[in-house]
Structures are given as structure tokens and as C-alpha cells.
Protein chains: 2
Amino acid sequence: MALALVDEIGRDAFSMRKLGAELGVDPMAVYRYFDDQEALFDGIAEAIFAELDVDTLPWDGPWRDLVEQYSVRLRDALLAHPHAVAIFATRPLRSPAAIATGVRTVELMTGAGFAAGDALRILRCLREFTVGHALGLAVLRLGGRRRSRKPAPDAPEYNLLARGADEADDGDHFAPGLAAMLDGFADPAGRSGDARAPRPPRT
Amino acid sequence: MALALVDEIGRDAFSMRKLGAELGVDPMAVYRYFDDQEALFDGIAEAIFAELDVDTLPWDGPWRDLVEQYSVRLRDALLAHPHAVAIFATRPLRSPAAIATGVRTVELMTGAGFAAGDALRILRCLREFTVGHALGLAVLRLGGRRRSRKPAPDAPEYNLLARGADEADDGDHFAPGLAAMLDGFADPAGRSGDARAPRPPRT
DNA sequence: AGAAAGAGTCTACGCTGTAGCCATGACTTC
DNA sequence: GAAGTCATGGCTACAGCGTAGACTCTTTCT
């Protein structure tokens with residue numbers, strides 16, 4: 001499986017020839033099933049999307065729970081394949097399954113009173129934040145090269161950034177960020193109203 | 001200039017040899033200045049960051065204006081180089097200039113009452129959303145291949161997603177998303193009133 | 001004067017994506 | 001059974017890639 005090989009050796013080291021070798025098959029045989037490497041990467045993106053298992057999302061609950069769950073699952077699925085996040089992030093993903101999920105979500109949100117355009121805007125924001133987060137985190141975790149060499153707490157150049165980095169883990173801002181964005185969308189005028197899921201306390 | 005060449009022919013078509021040809025120089029000459037292609041791409045990312053011209057940001061105003069301006073400028077700079085967005089998004093950017101900007105921003109936010117860790121979390125969220133947005137948009141705009149073939153409004157398969165896409169342009173959700181996230185961070189308890197008051201100290 | 005450093009060039013190696021053509025076996029249609 | 005079609009995989013070959021290593025030429029420092 002192409003995704004597994006990318007997970008193992010990374011996107012840069014990946015090649016059609018190695019994929020063929022992994023499958024015990026001539027490299028050119030892969031081209032029977034995919035037009036070219038781009039198409040194969042499209043398949044990888046779809047495979048990651050399939051791991052979301054969108055059917056088991058809380059489709060019957062409030063829209064906020066649904067999109068929050070969706071975002072968390074997407075994040076987790078992406079971080080499970082750090083070497084493939086960039087592949088996922090750099091293509092549109094117009095597979096029927098993805099489109100169907102999008103339609104279903106917009107339907108649910110229009111049912112909750114959103115205009116279709118507004119619903120789509122919110123979903124795009126969430127997706128972009130989630131993908132951006134996963135990509136940034138994957139890059140950080142993989143980028144083994146020269147590590148950040150953060151100054152020690154008693155060093156003179158120990159600045160606020162370093163202290164902030166000590167206080168904040170690399171990935172623990174996703175849930176707060178997601179909640180903040182949803183809060184902002186749910187309550188755009190600052191008025192409190194109907195559905196406001198209780199936010200998990202930060203830290 | 002490497003960035004200009006990437007802008008022109010795209011990242012995939014880019015090669016050290018073509019860069020050398022563009023500069024009217026032997027391809028290997030580039031290796032005098034950059035260890036390898038990765039280091040050169042690091043330089044491209046730094047060049048994009050330099051275009052932000054962070055010194056002219058509203059450093060004397062409220063933190064929210066600052067980070068909002070910063071995000072908008074980052075988005076604009078990235079979208080000005082659609083072929084290079086993926087390059088920017090897939091490396092950590094630890095240049096001195098970028099670190100100094102981060103330190104300065106965190107300083108301003110702690111001055112406004114934030115804990116350093118919380119400030120850093122907020123900045124990370126904004127950066128990830130911004131980069132994710134620019135990347136998604138660049139991919140959409142460049143991905144010429146099979147266009148989306150959205151169904152016509154009177155076609156039977158004209159669904160809510162298509163209607164949403166008609167109502168919402170590709171890129172017009174960035175400002176609302178940014179505002180929503182900032183609203184959410186400024187008013188984390190969901191209570192209306194004097195927004196943008198930082199949270200009481202954590203733990 | 002010589003030494004050292006910097007800049008650019010040339011060659012070569014192992015790797016890449018993939019076009020084109022051929023071999024094989026299974027299945028369909030007479 | 002015979003003949004044709006089709007899916008699958010193998011092999012070869014080509015143009016291009018990143019870059020290691022050794023070389024030359026020019027400028028600057030002592």
C-alpha cells in the first residue's frame with residue numbers, strides 16, 4: 001500500500017520504483033491502476049479521508065458537535081500519517097465520498113438556520129485550520145534536523161518566546177483554537193443564544 | 001532569484017539546473033551559497049517572510065489589531081506566490097527575523113495580560129489557520145486539471161454544496177474566520193460585554 | 001612576492017518518472 | 001476447439017534530476 005510506504009520512508013524518499021519493489025512487482029505495473037504519481041497521491045489523500053469513518057460521526061446531534069468531531073478526527077487521522085500530511089494538504093480532494101460528506105454537513109447546518117454560503121464558509125475555515133495545524137505539527141515533529149536549541153531558563157537570552165514554549169506544548173492549542181473559532185462563529189454579535197456547548201476548560 | 005523562478009514555473013518543474021540556467025551560471029555554483037535544495041527552499045521561505053515588512057505593523061496598538069494585521073499580511077504575501085505556498089508551509093521557519101517577531105508579539109501580548117503560553121497558543125492557531133487557508137486557496141487556484149464541474153442550478157444534482165459554492169467565493173471566508181477565532185479567544189467564556197479582555201491567569 | 005580564499009566549471013554517479021512495446025494467461029464468442 | 005479480446009505485468013530506454021569531487025580562475029590579504 002502506497003500510504004504505508006510513505007509513512008515508513010517519507011514522501012521525499014518515496015518513489016514508484018520502491019513502491020513496485022514493496023509490492024513485489026514491476027514498477028511499471030502501478031501505472032495500470034494510476035495514471036501517474038499525482039493520481040496515486042490523490043489516492044493516498046482519499047485513503048486518509050476514508051480513515052475518518054465519517055458515517056459514525058454524530059449526525060443526529062447539534063451542528064457544532066458534528067463539525068467539532070469531524071475536525072478532531074481529521075486532525076488525528078492526519079497526525080497518524082505525518083509523512084503524508086503534506087500530500088493531503090496539497091490537493092483538493094474531490095472524491096465522491098468527500099463531496100457527499102460536505103453536502104450532508106451543509107444540509108445539517110442549513111437545517112440549523114445557516115445560509116448555505118455561510119455554512120460552507122465556516123466549514124472551509126475549520127478545514128483550513130485543521131489541515132494547517134496538522135501540517136505545522138507534522139513538520140515540527142518530523143523536522144529532525146537542527147533542533148530548536150531553545151535557551152535554558154537561566155540563560156540571558158531566555159526570552160518570552162522560550163518561556164511560552166515551555167508553558168505550551170507543541171500541539172495542545174488545537175482544541176482551544178477550534179473552540180475559539182466555533183465560539184466566534186456561533187456568537188458573531190457577541191450575543192449569547194441557543195446552542196452553546198460547554199467548553200472544556202483549558203489546562 | 002529562486003523565488004521568482006518558482007513563481008514562474010512551479011515547484012515541481014523547478015530544478016537546480018534550471019535555476020543555474022536562469023542565473024546564467026553553472027548549476028553547481030548555487031551550492032556555494034546553499035548546502036542543498038532544502039536549504040535553498042528555507043531561503044525562499046525566509047524571502048516570503050521578509051515581504052511581510054513586519055516593522056510597519058501597528059506595534060503600538062492593541063494586540064488584536066496587531067495579530068490581525070499580521071495574519072492578513074501573511075495571507076497576502078503567501079497568495080502572491082501561490083507556487084511557493086507549499087514550500088513555506090512545510091518548513092519551520094526559525095530565522096532570526098521570524099523569531100524576533102515572535103518574541104516581540106508575545107511581549108506585547110503578555111503586556112496585555114496574557115500568560116506567555118496562552119499568547120503562544122493563540123499565535124500558533126492564527127498562523128496555522130492563515131497558512132492552511134493560503135495553502136488551500138493556492139491549491140484550488142493552481143489545480144487547473146479537471147475543474148470542479150459544478151452542476152447547473154437547474155440540474156437535478158444541484159445540491160446544497162453547489163448552492164453554497166455559488167453564495168461563497170473561494171477566498172472570502174478568511175476575514176470572517178479570523179474575526180471569529182479572535183472573538184473566541186478574546187471572549188473565551190462566551191459571555192458578551194467588554195470583549196478582548198484577556199483571561200484571568202491560568203492554573 | 002606568495003598564500004589563501006572565494007567563485008564558477010566540468011564530469012560523473014546513482015537515482016527518478018514514465019513512454020513504448022511485448023509476454024502471458026483468463027475469458028468470451030463463434 | 002479456435003480465435004479474438006482484455007487485463008495484467010515485465011523489460012528496455014530516455015531524458016532529466018540532486019549533488020559529490022576535483023579542477024581552474026580571480027580577488028584579496030600578508
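Naming: A, B, ... by sequence-line order, numbering from 1 per chain.
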CZ of B:Arg11 versus C1' of D:dC17: gap in Å, rounded? 15 Å

Toward the 5' end of DNA chain C, by each residue's nearest nucleotide, A:Arg32 or A:Phe14: A:Phe14

Closest approach to the side chain of A:Val25, judged atom by atom: which nucleotide of D:dG10, C:dT16, D:dG18 is it? D:dG10

Is it the case that D:dG16 (base atoms only) and B:Arg17 (side chain only) share a donor and an acceptor within less than 3.5 Å, ignoring hydrogens and angles? no

Ignoring backbone atoms, establish whether A:Tyr33 has a side-chain N or O less than 4.0 Å from OP1 or OP2 of D:dG9. yes

Ignoring hydrogens and angles, state whether a donor on the side chain of A:His81 or A:Asp7 is under 3.5 Å from an acceptor on the partner side chain. yes

Report the distance from atom CG of A:Asp35 to atom P of C:dG20, rounded to the nearest whole Å. 14 Å

Whole-Å gap separating P (C:dG6) and OH (B:Tyr31): 20 Å

Rounded to whole Å, the CZ-P distance (B:Phe41 to D:dC17) equals 12 Å

Distance from B:Phe174 atom CZ to A:Arg124 atom CZ, nearest 0.5 Å? 14.5 Å

Nearest-Å distance, CE (B:Met16) to P (D:dG18)? 7 Å

Could you please name the option among D:dT19, D:dG9, C:dG17 that lies closest to any side-chain atom of B:Gln37? D:dT19

Just checking A:Phe34: base, sugar-phosphate only, or nothing, at a heavy-atom cut-off of under 4.0 Å? nothing

Specify the residue among A:Asp26 and B:Met28 whose closest nucleotide of DNA chain D lies further upstream toward the 5′ end. A:Asp26

What is the distance, rounded to the nearest whole Å, between atom CD of B:Glu22 and atom C1' of C:dG8? 18 Å

Return the value, rounded to whole Å, for the distance between atom CG of B:Leu23 and atom P of C:dT9. 10 Å

Please lay out, stage by stage, how B:Asp183 and B:Arg64 fare under the test salt bridge (Lys or Arg N to Asp or Glu O under 4.0 Å). CA-CA 10 Å; B:Asp183 285 343; B:Arg64 182 178 166 137; 2.9 Å; yes

Regarding B:Arg11 and A:Thr90, is there a side-chain donor-to-acceptor distance under 3.5 Å anywhere? no

Spacing between B:Leu19 atom CG and D:dT19 atom P, to the nearest angstrom: 12 Å

Is it the case that A:Glu8 and A:His83 place a side-chain donor and acceptor less than 3.5 Å from each other? no

